[in-house]
Amino acid sequence: MQIIDLDKDNVKINIDAITLGNFDGLHLAHQKLINKCVSLGKSGVIIFKSHTSEVLKYDKFKNILTTDDKINILKRMNVDYCLIKSFDKAFLSLKPEEFLNYVKEHTNFKNLVVGKDFKFGINASGNVSTLEDFQKVFNYKLYTIDDQFIKSVPIRSTTIRKFLMSGDVENANSMLYRPFSIKGVVVDGKHRGRNLGYPTANLECKQYIIPAAGVYYTNVIYDNKIYKGITSVGENLTYDEHDVKIETHILDFKGDLYGKILTLVFINKIRDNVKFNSEIELINKLKSDYNFAKNQDLDLHLQDYMII
Ligand SMILES: Cc1cc2nc3c(=O)[nH]c(=O)nc-3n(C[C@H](O)[C@H](O)[C@H](O)COP(=O)(O)O)c2cc1C
Ligand SMILES: Nc1ncnc2c1ncn2[C@@H]1O[C@H](COP(=O)(O)OP(=O)(O)O)[C@@H](O)[C@H]1O
């Protein structure tokens, strides 16, 4: 797959079919649009850059995927061109015909694939009917893909975010059609875990939306291997510490992970975080979390995770 940064490269290529959008999550409905493009010949996907950590102050701006994750997934979906564009003011204020002209100039697309609710151009003034009207002017054929549902609920990035923020990782995963994953670097904690018998790799990953506080059964990808993990998201209530941490004890693993990159794959929630009356009670609960994880199947293959 060729990656083109439209902010930097003034390209003029010939693409048979394109689709475009923010594509946060690249969920099952996004996948349907992209697969349609891929089936129509040389395919291109225009993605808007994900917000970076500097501008992330509120959860609603946090991403399910980083731009790099999106690129990795599109590669696995056999897309030929990934075109990346900043969602800046100038681009946002284009009229629908200027927007289409911009895309046509750079890609010379013959087919355009969008969802029924696709909006574009200044004040989101362009929609599917605008795109139908402009087919002759810009010489393309429009394909629209119907809404996709899971258990009668329409698949949307905002719905997936809501599932994650309520700890419902399983419903988020079924809409994503892969397990929700985050990637980050291992940083120092309080160095207490090793003395409890459960060392925990503390992950720093500011760009991502993080599931609700709680204890999760996770899988951990490190150095091209998959391990089972038990992950605590939230405060160390037992120690009256109120910073939110993402920390994972990896089963059947020993080694120094500080400064290393881990991918954490959320499979399901085990329980809520609890303020224990003693360290012994915490250790006993960690043991039962460990046993829960031990009894789960590690049934996914590396390639199923898609973002690595
Ligand atoms: C699977 C798991 C479950 C945890 N559950 C709780 C909990 O319910 N309450 C709590 O106060 N801390 C919980 N913790 C966090 C521990 O307090 C923390 O890992 C320990 O204090 C070590 O901290 P450190 O990494 O800063 O050394 C949990 C940690 C893990 C890995
Ligand atoms: N099975 C394991 N799971 C997680 N981390 C492990 C494991 N074995 C060794 N480690 C190492 O131990 C560190 C965590 O130990 P811990 O005492 O909890 O320190 P910290 O408070 O800095 O996280 C990890 O960052 C990693 O380098």
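For ligands, and for the atoms within them, numbers begin at 1 and follow the listed sequence.
- Considering backbone and side-chain atoms alike, E247 places an N or O below 3.5 Å from some N or O of ligand 1.
- When the options T200, L264, L262 are evaluated for a side chain to side chain contact (heavy atoms under 4.5 Å, CB included) with T248, the one that passes is L264.
- Near G193, the atoms of ligand 2 lying under 4.0 angstrom from a non-hydrogen atom of the residue are 16 (P), 17 (O), 18 (O).
- G167 approaches A212 most closely through the heavy-atom pair N-CB, 3.4 Å.
- One option in L282, D243, D272 has a heavy atom closer to atom 13 (C) of ligand 1 than any other, and that option is L282.
- Relative to the six-membered ring of Y217, K269 misses at least one condition, a distance below 6.0 Å or an angle of at most 45° to the axis.
- Listed by number with element, the atoms of ligand 2 under 4.0 angstrom from any heavy atom of K190 are 21 (O).
- Those atoms of ligand 1 with a heavy atom of L286 less than 4.0 angstrom away are 1 (C), 2 (C), 3 (C), 4 (C), 28 (C), 29 (C), 30 (C).
- In terms of protein heavy-atom proximity, atom 17 (O) of ligand 2 is nearest to R194 NE, 2.7 Å.
- Taking the ring axis of F91 as reference, the NZ or CZ atom of K85 stays within 45° of it and closer than 6.0 Å to the ring centre.
- A cation-pi arrangement, defined by a distance under 6.0 Å to the six-membered ring centre and an angle within 45 degrees of its axis, is present between K141 and Y143.
- For atom 7 (C) of ligand 2, the closest heavy atom belonging to the protein is P199 CG, 3.6 Å.
- For atom 21 (O) of ligand 2, the closest heavy atom belonging to the protein is H191 N, 2.6 Å.
- Residue-ligand proximity, D289 to ligand 1, at heavy-atom distances under 4.0 Å covers atoms 1 (C), 3 (C).
- Not a single N or O atom of T248, backbone or side chain, sits closer than 3.5 Å to an N or O atom of ligand 1.
- The distance from ligand 2 to the heavy atoms of N202 drops below 4.0 Å at these ligand atoms: 23 (O).
- Protein heavy atom at the shortest distance from atom 9 (C) of ligand 2 is G255 O, 3.0 Å.
- Residue L237 has at least one nitrogen or oxygen atom sitting less than 3.5 Å from a nitrogen or oxygen atom of ligand 1, judged on distance alone.
- The distance from atom CG of L176 to atom CG of L164, rounded to the nearest 0.5 Å, is 7.0 Å.
- Looking only at protein heavy atoms, the nearest one to atom 28 (C) of ligand 1 is S232 CB, 3.5 Å.
- Looking from atom 8 (N) of ligand 2 to the surrounding protein, the closest heavy atom is F253 O, 3.6 Å.
- Numbered from 1 in the order shown, with element, the atoms of ligand 1 that lie under 4.0 Å from a heavy atom of G189 read 26 (O).
- Of the polar atoms of T200, at least one N or O is found under 3.5 Å from an N or O of ligand 1, judged by distance alone.
- Short contacts between ligand 1 and T238, defined as distances under 4.0 Å to a heavy atom of the residue, involve ligand atoms 9 (N), 10 (C), 11 (O).
- Taking a cut-off of under 4.0 Å to the non-hydrogen atoms of V186, the atoms of ligand 2 that pass are 25 (O).
- At least one heavy atom of Y239 sits closer than 4.0 Å to an atom of ligand 1.
- The nearest heavy-atom contact from the protein to atom 14 (C) of ligand 2 is T200 O, 3.2 Å.
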(request) Apply side-chain contact (heavy atoms from CB on, under 4.5 Å) to I13 and I4, showing your working. (result) CA-CA 10 Å; I13 40 180; I4 294 164; 3.5 Å; yes

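- Contact between R271 and ligand 1 is present, with at least one heavy atom of the residue lying under 4.0 Å from the ligand.
- The distance from ligand 1 to the heavy atoms of N273 drops below 4.0 Å at these ligand atoms: 5 (N), 6 (C), 7 (C), 8 (O).
- Polar contact check, V274 against ligand 1: a nitrogen or oxygen pair lies under 3.5 Å apart.
- Remark: minimum distance from atom 27 (O) of ligand 1 to any protein heavy atom is reached at R192 N, 2.6 Å.
- At a threshold of 4.5 Å between side-chain heavy atoms, the hydrophobic network of Ile, Leu, Val, Met, Phe, Trp and Tyr places Y258 and Y227 in one connected group.
- Under a 4.0 Å criterion applied to the non-hydrogen atoms of I230, ligand 1 contributes the atoms 1 (C), 31 (C).
- Using 4.0 Å as the threshold, K245 has a heavy atom nearer than that to some atom of ligand 1.
- Residues V114 and I145 fail the side-chain proximity criterion, which asks for heavy atoms closer than 4.5 Å.
- Atom 27 (O) of ligand 2 has L257 N, 2.6 Å as its closest protein atom, hydrogens excluded (heavy atom only).
- In terms of polar-atom proximity, K254 is not counted as a contact of ligand 2, lacking any N or O under 3.5 Å from an N or O of the ligand.
- Scanning all protein heavy atoms for the shortest distance to atom 3 (N) of ligand 2 gives I250 N, 3.1 Å.
- Where the criterion is an N or O separation shorter than 3.5 Å, residue side chain and backbone included, K190 meets it with respect to ligand 1.
- Residues D243 and K190 are not paired through a salt bridge, judged by the lack of any N-O separation under 4.0 Å between the basic side chain and the carboxylate.
- Closest approach of C37 to G44, counting heavy atoms only: SG-O, 4.4 Å.
- For ligand 1, the atoms closer than 4.0 angstrom to any heavy atom of H191 are 27 (O).
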